[in-house]
Trainee: 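This is the structure, below, for whatever I ask next.
Every value quoted in this text rests on a predicted model; they were computed, and no experiment measured them. Sequence lines set the chain letters: A, B, ... in the order given, protein chains first and strands last, and positions in each chain run from 1.
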Amino acid sequence: MNKLGLIIQREYLTRVKKKSFILITLLSPLIFVALFTVPALLAIYAGKESKTIAVKDVSGVFVPPTDTTQEVQYELRSEPINDLKANYNNMGYDGVLHIPALPDSGEEAMEVYYFSEGQLSLGSKSSIERKIAKSVENHNIKRSGYDEDILNSFRPDVSLKEKELTKNEAGELIESDKQNSAGIATAIGFVSGFIIYIVLLIYGTMIMRSVMEEKTNRIVEVIISSVKPFQLMLGKIIGVSAVGLTQMFIWIGMTIALISVVGMFIPMETMAEAQQGPMQGGGPPPEMSAVMENLNVLKSQNWGYIIPVFLFYFIGGYFIYASLFAAVGSAMGDDLGESQPITFVAMAPIIIAIILISPVIENPTSPLATWMSIIPLFSPVLMPARLAFEPPLWELLTSMVVLAASALFFVWLAGRIYRVGILMYGKKVTLKELGKWLFYKE
Amino acid sequence: MSILRLEDVVKTYGKHVAVDQVSFDIPKGIVFGMLGPNGAGKTSLIRIITTITKADSGQVWLDGQKLNSLHPEQIGYMPEERGLYKKMKVGDQLTYLTRLKGLSSAETKKELRYWFERFDIKDWWDKKIEELSKGMQQKVQFIATVLHKPKLLILDEPFSGLDPINTNLIKDEIKELNKNGTSIIFSTHQMESVEEMCEQIVLINKGKNVLEGKVTDVKEQFKENVFKIEFAGDLPSGLAATDAANSGFEINSANGHDLNIKVHEGGDSNEILRYLIHKGVHIRSFNEILPTINQIFIKKVGESNE
C-alpha cells in the first residue's frame, strides 16, 4: 500500500474505532426515529384506551357520533343527573357529561359539565367541546330556517396551486409535471444549507484539532521524516472525509431501515395523523390534505438532480474548509485562546455564508444570490440552498467550476502554510506571518 | 567512502540565515557527533538531511547519491522532542510508523517481533502510549527509529530525560547497531557522552561549521602543552620559575604533590623530566593534560561569538 493510503487508513480507522464514534453513529438514528415515532405510538396506544361517557342531555340537541373508533364514546342516559353522578362507576362509565338547557339566543357562552374522578386529556376535552358545539350549531341553523348545505357553500376553501411552465422542444411554454411550492423549496434550501454548514464546521474543527494534536505531540516531526507534509495533510483530510461519509451512509441506511420496521406496525395514514398531534382528537385533521400535498410536491422534486449537485457542493466545500482548518491548526500552538484571531480566518467565511442564507432563499434570483453562490467560500452553503429554486444552468456551471478549481487551490495553499506551521513552535503567529510562509522555499 | 556529505549547504528562513555554507563529511560506520549551542542550526541541518526541508543551495549526498525522496526510508530520525500518538496502541503505532518507512507488512511483523523480544516488552503490544511511563515511551520511540534498519541513524539528544539505567541500555543498543554497520549522527549537549561515543565531531555555531575532525585530532589541536607531574616528598628549595623559563617551560602552579607545567612553543616535554630529575625531584607520574571536548566547545563558541 502506498504511504498516502496508509495515512488515510490510520486517520479513518482510529476515528471509526472510537467508542464515542460508534455510540453517536448508532444512537443518533435511533433517537431521530424515536423522536418521530414515539409520539405517534403514544398517540395510537393512548387512543386505544377509549373512554365511555354517560351523557345527561337536558338541551336535547346533542347527537352522539355513530363512529365507534372514536376515542370518546357517548351514551345518552335519562336518569337524573345526581343518580348518574353517584353510580357512573358501577354503570361502567368513565364519567358523566351534563349538557344543561340551551341558553337564550344572544348569549354566546355555554357551560357544559363533566363529572368524574379521573381527568380528561386535553385532546378528549377539546374533542367533546367540538362535538357539542357542532350539535348546537346544527340545531341553531335548522331553527333559523337555513339549509345547512347552502350555508356550507358560503365558506369557500381557497388554496393556491403553483404550476410551473417549461419550454418544450418547439419552444412553446407548456405545463410541467413538477409541482411547485415556494414553501417546500424554501424548506429544502434551508435544510441543505444548514446540513452543509454544520458538517463543514464539525469536520473542519475535527481536522484542526487533529493537526494541533500532532504538532503539540511532536509526532509530526517523526512522520514527516518519512512522508511529505502535504501527503500527511491530504491523507488526514481524505481520511476524515471518509469518516464523515461513513457516518452519513450509516445514518441514512439505519433511518430508512428503522422507519420501515416501525412502518410495519403502523399504517402510514395513522402515522401522519398522529404527527398532526393528539390535540385534534377524532376525525381527520384539517391540515391532513396539506401534508399529503406537500408530500407529493416533495416527491415530485427533481431529486436525481438535487442530490448529486448537493454532494458535489458538499465535497467541494469540505475540501476548502478542511484545508483552511488544517492550515489554521498547523499555525496554532497549545494555547487555543491565543490563536483566536487566526481561527476566525477559517470561521468567518462560513458564518457569513450562513447569515446570507436567508436573504438568498427569500430572493433566489437576486444579484446577491447569484454572485454569492459563485464565490467558492460561500457557494457550498448558498448554492445548495438555491437548488430547489432551479438557478439558471450557466450560474450553476460557473459556480461548480469555480468551486472545483478553488478546492484544488485551497488544498495547495493550505499545504504551503501547513508545511511551515507544523514545525514552528513558541511563536505567536500573525496573519502577516502566515502570508510569509506561503513564499518560503521548501 | 562517506555515508553523508554536505557541501556548502545554505538554508534561510525569511531574513534569518539558519545554515550558512556548511560542509562536512561523515565516513561510513562511525558515530559522529554534531555539537553546537542552542539555536546554532543543528535542527535545521538535521531537517535538511531527513528531507523534511530542502537546502536553499548546496548539495547533500547520502551514501554516494544526491539526496532524493527515497532516502528517508534509509534514515532513522529521533527528534529531541519525542512524540507518539498518545491514544494509539504500541503495536499499531510501531507498525504504522514502520510501514510509512516503506517496509512491507510481513517485514514489519518480523522486525517488531525481534525488538519486542529483545526489549522484553511483549505485553506492551495492546497498551496505549499514554499508559506507559516516560522511560517506557522513550524505548518505544527508540524502536520506532530503528525498526526499518536505517543505514543512517540521527539521534537528537537521545539520552535526555532517561534515567541512568535506560541511558546505558540505549547506549548499548547504539553501540550494537554501530557495530553492525549503522552510521550514527549524534546531536547533543552532553559532552561526556560525546567523548565516550563519538569518533568524529563537527561543531556548529551561528549556522557555520566552526570546527570538525576526529575527536583525538581535535583534542590534539587544542592542547596547550600543559603537563601534570606527581611527585613524592618535598620540592627542593632551588626550584624556581625563572630557572624553568630558561629551559623552555614554566611552572604554572605547585599544589601539594602536583606540579602543573606549561611547555613553551618549540619546547620539549622531555626537558621537564630532565630538569626535575636533575633537581632531585622524585617523580611518580607524568601526564599531558588534554582539553575536554567541553572546554573546546566553550572556547570555540566563545571565540566565534566575538
Trainee: Fit a plane to each ring of A:Y318 and A:Y203, take the angle between them on a 0 to 90° scale, and name the class: parallel (under 30°), tilted (30 to 60°) or perpendicular (over 60°).
Mentor: perpendicular
Trainee: Could you look at B:M88 and say if it's the side chain, the backbone, both or neither that has a heavy atom under 4.5 Å from chain A?
Mentor: side chain
Trainee: Do NZ/NE/NH1/NH2 and the carboxylate oxygens of B:K171 and B:E173 come within less than 4.0 Å?
Mentor: no
Trainee: If I measure from the heavy atoms of chain A, does B:K87 come under 4.5 Å with its side chain, its backbone, both, or neither?
Mentor: neither
Trainee: Ring-plane angle category for B:Y85 and B:Y96, please: parallel below 30°, perpendicular beyond 60°, tilted otherwise.
Mentor: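 Correct class here is tilted.
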Trainee: Assess whether a salt bridge exists between A:R15 and A:E11, defined as any Lys/Arg side-chain N lying under 4.0 Å from an Asp/Glu carboxylate O.
Mentor: yes
Trainee: Can you list, pair by pair, the side-chain donor-acceptor contacts under 3.5 Å of residues 13-22 of chain B, counting residues two or more places apart and other chains?
Mentor:
unit_1	atom_1	unit_2	atom_2	d
B:D20	OD2	B:K208	NZ	3.1

Trainee: Heavy-atom distances under 4.5 Å only: say whether B:Q74 touches chain A with side chain, backbone, both or neither.
Mentor: neither
Trainee: Could you label the plane-to-plane angle of the A:F194 and A:Y197 rings as parallel, tilted or perpendicular, counting under 30° as parallel and over 60° as perpendicular?
Mentor: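 Answer is perpendicular, since the angle exceeds 60°.
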Trainee: Using non-hydrogen atoms only, which part of B:R47 is less than 4.5 Å away from chain A: side chain, backbone, both, or neither?
Mentor: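 For B:R47, the side chain is the part near chain A, not the backbone.
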Trainee: Considering only heavy atoms and a distance below 4.5 Å, find which of A:E221, A:E214, A:K18 pairs most often with chain B.
Mentor: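 Among A:E221, A:E214, A:K18, the one with the most close pairs to chain B is A:E221.
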Trainee: Measure A:I7 against the heavy atoms of chain B and call it side chain, backbone, both or neither at under 4.5 Å.
Mentor: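 Backbone plus side chain of A:I7, per the 4.5 Å heavy-atom cut-off to chain B.
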Trainee: Side chain, backbone, both or neither: which part of B:E73 has a heavy atom under 4.5 Å from chain A?
Mentor: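 Interface part for B:E73: side chain.
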